[in-house]
Amino acid sequence: MNDRPHSPIQDLRVNAVLARLQGARQRSAGGGPRGSFNSRDPHAYAEQGFSIHSEQGELIYLLCRGLRATRVAEFATSVGMSTLYFAAAIRDNGGGTVIGSEIVPAKVETAKRNLAEAGLADYAEIREGDARKTLRDLGGPVDFVLIDGWPGESGPSLARG
Ligand SMILES: C[S@@+](CC[C@H](N)C(=O)[O-])C[C@H]1O[C@@H](n2cnc3c(N)ncnc32)[C@H](O)[C@@H]1O
């Protein structure tokens, strides 16, 4: 059954991975890292994706198709939901790369597995570590950037809403 009949993404293999990830979404107790009494350490949330929702991903896909994006960067990747939408758009635009970033190693592995399962591994490079360092050199201009990071301990937030 297709639970997103109006999705702009037509690839069944990609949609199967997206549906599985959307279905496995876990709620974080007490507001997650934004909660007043909870840890801000990303490693404490290795099991939780904090991933974008389908509508947001489909908007990302359409924007990147409209821009004919071939090079994209994202801070951060988590388990790869947003990366899948970017990689699908880039592939459908004729090729290129989404440069992802993630500080929790287990999430990097999961994101890579998800991309491979969707047949999109060739369109993504996930850089492991602190994105404030790993994304310093993007190797050239990019067409689109997603800032979807993390609430700061005391300094500026790494997420832009
Ligand atoms: C909101 S989630 C990203 C969700 C992802 N964009 C998606 O929609 O699929 C934020 C992620 O930022 C990661 N993170 C936090 N601080 C980071 C840092 N300094 N560098 C890289 N990743 C970081 C966390 O581990 C978490 O997985």
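Everything quoted here is computed from the prediction, not taken from an experiment.
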With Glu117 as partner, the option from Arg20, Lys112, Arg13 fulfilling side-chain hydrogen bond (donor to acceptor under 3.5 Å, both in side chains) is Arg20
The complete set of salt bridge (charged side-chain N to carboxylate O under 4.0 Å, His left out) pairs with one or both residues in residues 132-145, sequence neighbours excluded, reads Asp130-Arg132
So salt bridge (charged side-chain N to carboxylate O under 4.0 Å, His left out) across residues 66-91, not counting sequence neighbours, yields Asp11-Arg91
[atom1]-[atom2] distance between [X] and [Y], expressed to the nearest 0.5 angstrom:
X	Y	atom1	atom2	result
Phe50	Arg25	CZ	CZ	11.0 Å
Leu135	Ser101	CG	OG	4.0 Å
Glu125	Leu138	CD	CG	9.5 Å

Kindly give the heavy-atom pair with the smallest separation between [X] and [Y], and that separation in Å.
X	Y	value
Thr77	Ala111	CG2-CB, 3.8 Å
Ala131	Thr134	CA-OG1, 3.2 Å
Gly95	Tyr123	CA-CE2, 4.0 Å
Cys64	Val72	SG-CG2, 4.3 Å
Ile90	Ala69	CG1-O, 3.8 Å
Ala124	Thr83	CB-CG2, 4.2 Å

Expected output: side-chain [X] to main-chain [Y] donor-acceptor under 3.5 Å:
X	Y	value
Asn114	Val79	yes
Glu102	Ser78	yes
Glu109	Ala106	no

Say whether [X] and [Y] are linked into one hydrophobic cluster, either directly or through other cluster members, by side-chain heavy-atom distances under 4.5 angstrom.
X	Y	value
Val145	Tyr61	no
Ile52	Leu63	yes
Leu146	Val14	yes
Phe75	Val108	no
Val17	Ile60	yes

Are [X] and [Y] side-chain neighbours, meaning at least one heavy-atom pair lies under 4.5 Å?
X	Y	value
Ser51	Leu21	no
Arg127	Ile99	yes
Ile103	Trp150	no
Ile9	Leu84	no

Among residues at least two apart in sequence or on other chains, which ones pass side chain to side chain donor-acceptor pair (under 3.5 Å) with [X]?
X	result
Gln48	Ser28
Tyr45	none
Asn38	none

How would you list, by chain and number, every residue that makes a side-chain contact (heavy atoms from CB on, under 4.5 Å) with Glu58, sequence neighbours excluded?
->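 Per chain and number, Glu58 pairs via side-chain contact (heavy atoms from CB on, under 4.5 Å) with Arg4, Ser7, Pro8, Ser54, Tyr85.
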